[in-house]
Structures are given as C-alpha cells and as structure tokens.
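These notes concern the structure reproduced below.
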2 protein chains.
Amino acid sequence: MIEADILCLSPIFRGISSTELEKLFSQIHYQHRTYQKNNLIIASGEICDRLLIIQRGNVKAEMNDYSGKTIKIEDIEAPRPLATAFLFGKENRFPVTVSANTEVEIVSIPKAEFVKLLQMNSLILNNYLNTISTRAQFLSKRLKFLSFKTIKQKIAHYLLEMAGDRLQTVEIQQSQEQLAEMFGVTRPSLARTLSEMNHEGLIETQRRFIKIVDKNRMNQLLKSDEK
Amino acid sequence: MIEADILCLSPIFRGISSTELEKLFSQIHYQHRTYQKNNLIIASGEICDRLLIIQRGNVKAEMNDYSGKTIKIEDIEAPRPLATAFLFGKENRFPVTVSANTEVEIVSIPKAEFVKLLQMNSLILNNYLNTISTRAQFLSKRLKFLSFKTIKQKIAHYLLEMAGDRLQTVEIQQSQEQLAEMFGVTRPSLARTLSEMNHEGLIETQRRFIKIVDKNRMNQLLKSDEK
DNA sequence: ACTTGTTTGTAACATTTGATACAAATCTAC
DNA sequence: GTAGATTTGTATCAAATGTTACAAACAAGT
C-alpha cells in the first residue's frame, strides 16, 4: 500500500493533501515493491518507462565509467522520485545504476498512468513541469558559467551576479576552497587571480569581502569573448 | 484567428489534426498579435507567463552581455514556440530580447490556459514534456562533455561515444575547425592532440577517418579524473 | 593538368593554469 | 591569551593550451 502522508511530501506531490492523494492513486494502476539492502533496483541502460518514488529508506545512484569501474553519484532518500529526468524526452535509458542502501519501499507508476495523474490534477502537473524546468534552467546556468574561459572572467561574472545592480561589496559565503571547486579550478589559482585583479585595480579584496572598484572594466572582461 | 494547419506543425502540437486543434483552441482563451518588422516582441527581463507560438514570419533572439552590447543568439521561425524553457520552473524571466525579423504573427497563450490544454489532450502533454526533457538531457550531456578537462579526454570521450560497442573506425562528419569549436578549444590544439594520440599508439588518424587502436587505454584516460 | 580556395599538419613561442610547498593570517576551543 | 587547526596569500616550476604562422594535402572547377 502507498503511504499518502509520506508521498505528499515528495516534490511532485507537494501541496496535495494525503486524503486527496489516496483518492488519486485509487484511480490509477501502480505497483509497490520492496527491496532488501544492497539489492539492485535499476540497472544502468535499463529503459525508463515508469516513475519511481522512494516511500521508505534510501538508495544510492552509481555510474559506470568507461573502464567499468563504478563511481557513486548521489544518495537519494524518501520521499524523493527517481526517474524524473529520463521518463520523457529522447533519452529513455538510465545512465546510472541504483541500489538499495537500506531496506527500501518503492512506488512504481507506469508512464501512461503517471500521465493520467498529470491530467487529473493540475497541481501535480505544475509540480512536475516545475521540477524538470528548474533542472533545465540550472543546467543552462551552469553551462553558461563554464563557457567563460579564464578564471578572471569567471570571477567577474560571479561577482557581478552577486552584486546585482546596487551593491558594491560582496561577501563570499563559502571558503575560497569551495569557491574554487565551483569554478572548476584549483584554490591557489583562484587566489592568484584574485590578487592579480586586486593589483590591476579591478577589485579590492579583504579576506571574504570583495569590493568591485571598476565595474566597467569588469564588464569588458566578459564582453571580450565575443570576438 | 489561429491557423490550425500551421500550428499543428509546431513541435508542441505535432500529431494533432488541424480540426482537432481548432476545437481545442475554441475551449481556451488566447490572444493573437501582429508585430511589424523590427518591432520588439519580448524585452529581456520580462516575466514569462504565457506561451508564445510564431504563426507566421520569423524572429531573432538577442542577449545583452554585461556591457550592454547585444549578441544575436538565434533565429526562430514559424511554427516554433518561444518560451518553452521559462514558462515553468524558478526562473521566469526571459534572458533574451526577441524582435521581429519580418512581419510576425504570434499566438499568445496564458500559462493557466496552456495548462488546461495540457490536461485536455495527452498528446500535447507528451509533446511538451518531451520537448523540455530532451532539452534538459541535451544540456546534461553537454555539461558532462565539458567536465572532461584535457583535450585528450574530450577526444577519447567523443570517439568512444561515436564508435559505440562495435565500430573501430570513426568518420568525422564535421571539419576539424567545427569539431574544435564544439570542444571549446582552438583548431591547432585539437590537431596537435590528435597527432600526439597517434604517436602514442592510441589511435590512427587519416584525415577524417580515425581508427581506435587501443580502446583500453582510451578508457583509462577518462577514468583518471576520478582521483 | 592547373589554379584557387579550403582543410589539415606542424612548429615556435606566449599565456594560463595546475601542482606543490610554505608562510602569514585568522579562527576556535580551552 | 595560547595552541592547534583552518583559511588565505604567495612563490616556483611544470604542464596544457592558445596564438600565430606557414607549408602540405586535398577538393573543385575550368
């Protein structure tokens, strides 16, 4: 049986009352499966034709790299869904292997039945559309960020974004180490570039506080890759 | 008035007959707007709360870089939709400016009305879900590709992907120039790396034909960034 | 076969970034 | 305040890539 009071906390069913969710589930076909610890739930390459929602326990997603070795991607726990990115679209195979970290209960909704659900309830439809759209927007942003070639450009982009229109001084929340990882560069390289920009009069750094001195030239740094 | 026989060629209405589409449109509210050549259709930063579909003519999307200069992103022509990526999700503002290349007719469907449409017709729902999912999958793939640091890794990844399980020899469709652009590197750098891999016995290059000689070592190249 | 334009291979040098190491500054717990 | 841990600033050297330039190979039309 499904436990509606748990599932309604899932991003996809957010805002639905548990009684209403039960009613909705009574109108569709779905399966309920239990997996023992360490059991395989999804094999990499398997076709994704149903939505899986973890009702209890947590699972790990691993990816096979080219040499066959597996790398852990992430842990996913109840009540999160499993297949949102591959249920629709051209790529319908799981790129990852999913297995149970603990004893796990999973609710499995065939694609066609899930579509019914989307049509029956506009809140679920909105939730689902928001989920995958937000993901696409995140990826797009990340891609744009990576499109800046030099560290200087990445810093400029980051600072200008953080500062917005009015602020002059930005306080970095993370450590330089974390910032460097987000930028995909090494920590000393980031520090060196910050120091250079400081000497060039673009910014003034003081530990975690960075003041944007010459906004115009910062902008031009980003402009220069249009050539 | 909408011209159903044109709109049903749009990715979102694919597979719907024009008579059925007319019937569906008769059940929702929408607007029909005409823009003269060079007129502004969407200002960057504007909130996206409706789906726009070009019924006639074509438009250009431009992005303001930080220094205020505009860069042309793409041309979009009838009968393609305009706002699929920003209608849902957290980021509901257009990052681009859209203006008319020719005289343009646009059908504008408020978000809430479009949701009705999705609920009334499962084909449209599937089309739309496929559109945004495919986009997310494309972005994800691109991001993975860019996550490979060295040119050698990018080449290895590309070749192994192209070759699949059986092929040994890959024929490059694009020119080296285009390939380099896709990789985000310069053409001479790409050529140099190909040449290096040739000398190392990983591949054998012959103009546009590349033979994978040592698949194992190619795989290990990709594995090495897990450290 | 010849000319012309395009694509590819290669070289020399400059620039950027990574790797490593270490000192200085800051923070934290006691 | 002090000791120890963490974070930040900086230097040196190596590796990867960009830049520029040019020659060789190829493609297409005449």
Side-chain angles (χ1 to χ4, degrees), chain A residues 145-159 162 169-211 213 217-218 220-227, chain B residues 145-159 162 169-211 213 217-218 220-227:
Chain A
F145 185 75
L146 286 181
S147 77
F148 292 114
K149 290 282 169 60
T150 67
I151 298 182
K152 214 178 259 184
Q153 285 183 328
K154 289 179 187 181
I155 294 174
H157 174 73
Y158 177 78
L159 290 179
M162 288 288 283
T169 303
V170 172
E171 183 182 0
I172 309 296
Q173 299 298 342
Q174 313 131 299
S175 73
Q176 244 183 44
E177 179 78 48
Q178 293 170 301
L179 202 59
E181 194 189 332
M182 195 180 106
F183 282 23
V185 302
T186 60
R187 206 266 315 160
S189 292
L190 178 63
R192 169 175 43 198
T193 308
L194 280 172
S195 167
E196 276 171 21
M197 292 173 81
N198 196 349
H199 287 308
E200 289 169 16
L202 287 167
I203 59 179
E204 275 169 26
T205 61
Q206 203 162 27
R207 279 322 245 196
R208 298 217 166 175
F209 292 88
I210 302 178
K211 182 177 168 189
V213 177
R217 269 201 292 156
M218 295 274 277
Q220 282 182 2
L221 279 181
L222 299 178
K223 174 181 147 192
S224 63
D225 68 349
E226 47 171 83
K227 68 159 178 185
Chain B
F145 184 75
L146 287 181
S147 77
F148 291 113
K149 291 279 169 62
T150 68
I151 299 183
K152 215 178 257 185
Q153 285 183 327
K154 289 179 186 178
I155 295 174
H157 174 73
Y158 177 78
L159 290 179
M162 289 289 282
T169 303
V170 172
E171 183 183 358
I172 309 296
Q173 298 297 342
Q174 313 133 299
S175 73
Q176 243 181 45
E177 181 77 48
Q178 293 169 301
L179 203 61
E181 195 189 333
M182 196 179 105
F183 283 22
V185 301
T186 60
R187 207 266 316 159
S189 293
L190 178 64
R192 170 175 42 200
T193 308
L194 281 172
S195 167
E196 276 172 22
M197 293 174 81
N198 196 352
H199 287 308
E200 288 169 16
L202 286 168
I203 59 179
E204 275 170 24
T205 61
Q206 204 163 30
R207 274 333 237 192
R208 298 218 165 172
F209 293 88
I210 301 179
K211 183 178 167 189
V213 178
R217 269 201 293 154
M218 294 273 277
Q220 282 181 4
L221 279 180
L222 299 178
K223 175 181 147 191
S224 63
D225 67 348
E226 45 172 84
K227 68 160 179 183

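Every chain is numbered from 1, with letters handed out A, B, ... down the list of sequences. All figures in this text were calculated on a predicted structure; none of them were measured in a lab. We use all heavy atoms of the structure for the numbers below, so side chains are in, but hydrogens, waters and symmetry mates are not.
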Taking only the side-chain heavy atoms of [X] (C-beta and beyond), determine which of [options] contains the nearest atom.
X	options	value
A:Arg207	D:dT17, D:dG18, C:dA25	C:dA25
B:Pro188	D:dG9, C:dT8, C:dT10	C:dT10
A:Arg187	D:dT20, C:dA21, C:dG18	C:dA21
A:Thr186	C:dT10, C:dG18, C:dT8	C:dG18
A:Arg208	D:dT20, D:dT7, C:dT8	D:dT7

If I take atom [atom1] in residue [X] and atom [atom2] in nucleotide [N], what distance separates them, rounded to the nearest angstrom?
X	N	atom1	atom2	answer
B:Leu146	D:dT17	CG	C1'	16 Å
A:Met197	C:dT17	CE	P	11 Å
B:Glu177	D:dT19	CD	P	12 Å
B:Gln173	C:dT7	CD	P	15 Å
B:Leu190	C:dG9	CG	P	9 Å
B:Lys152	D:dA15	NZ	P	12 Å
B:Leu194	C:dT10	CG	C1'	13 Å
B:Glu204	C:dG9	CD	P	14 Å

Hey, does [X] reach any base, or is it just sugar-phosphate, or nothing, if we go heavy atoms under 4.0 Å?
X	value
B:Ser189	base
A:Ile151	sugar-phosphate
A:Thr150	sugar-phosphate

Below 4.0 Å: OP1/OP2 of C:dT10 and any side-chain N or O of B:Ser195: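 For C:dT10, OP1 or OP2 has a side-chain N or O of B:Ser195 closer than 4.0 Å.
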message: Can you tell me how the ring of A:Phe145 sits relative to the ring of A:His157, calling it parallel under 30°, perpendicular over 60° and tilted otherwise?
response: tilted
Side-chain contact test, heavy atoms from C-beta onward, threshold under 4.5 Å: evaluate it for [X] versus [Y] and give yes or no.
X	Y	value
A:Gln176	A:Leu194	yes
B:Ile203	B:Met218	yes
B:Pro188	B:Arg192	no

query: Of the options A:Val185, A:Ile155, A:Leu190, which is the one that meets A:Leu179 in a side-chain contact (heavy atoms from CB on, under 4.5 Å)?
result: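 Result: among A:Val185, A:Ile155, A:Leu190, A:Leu190 is the only option passing the side-chain contact (heavy atoms from CB on, under 4.5 Å) with A:Leu179.
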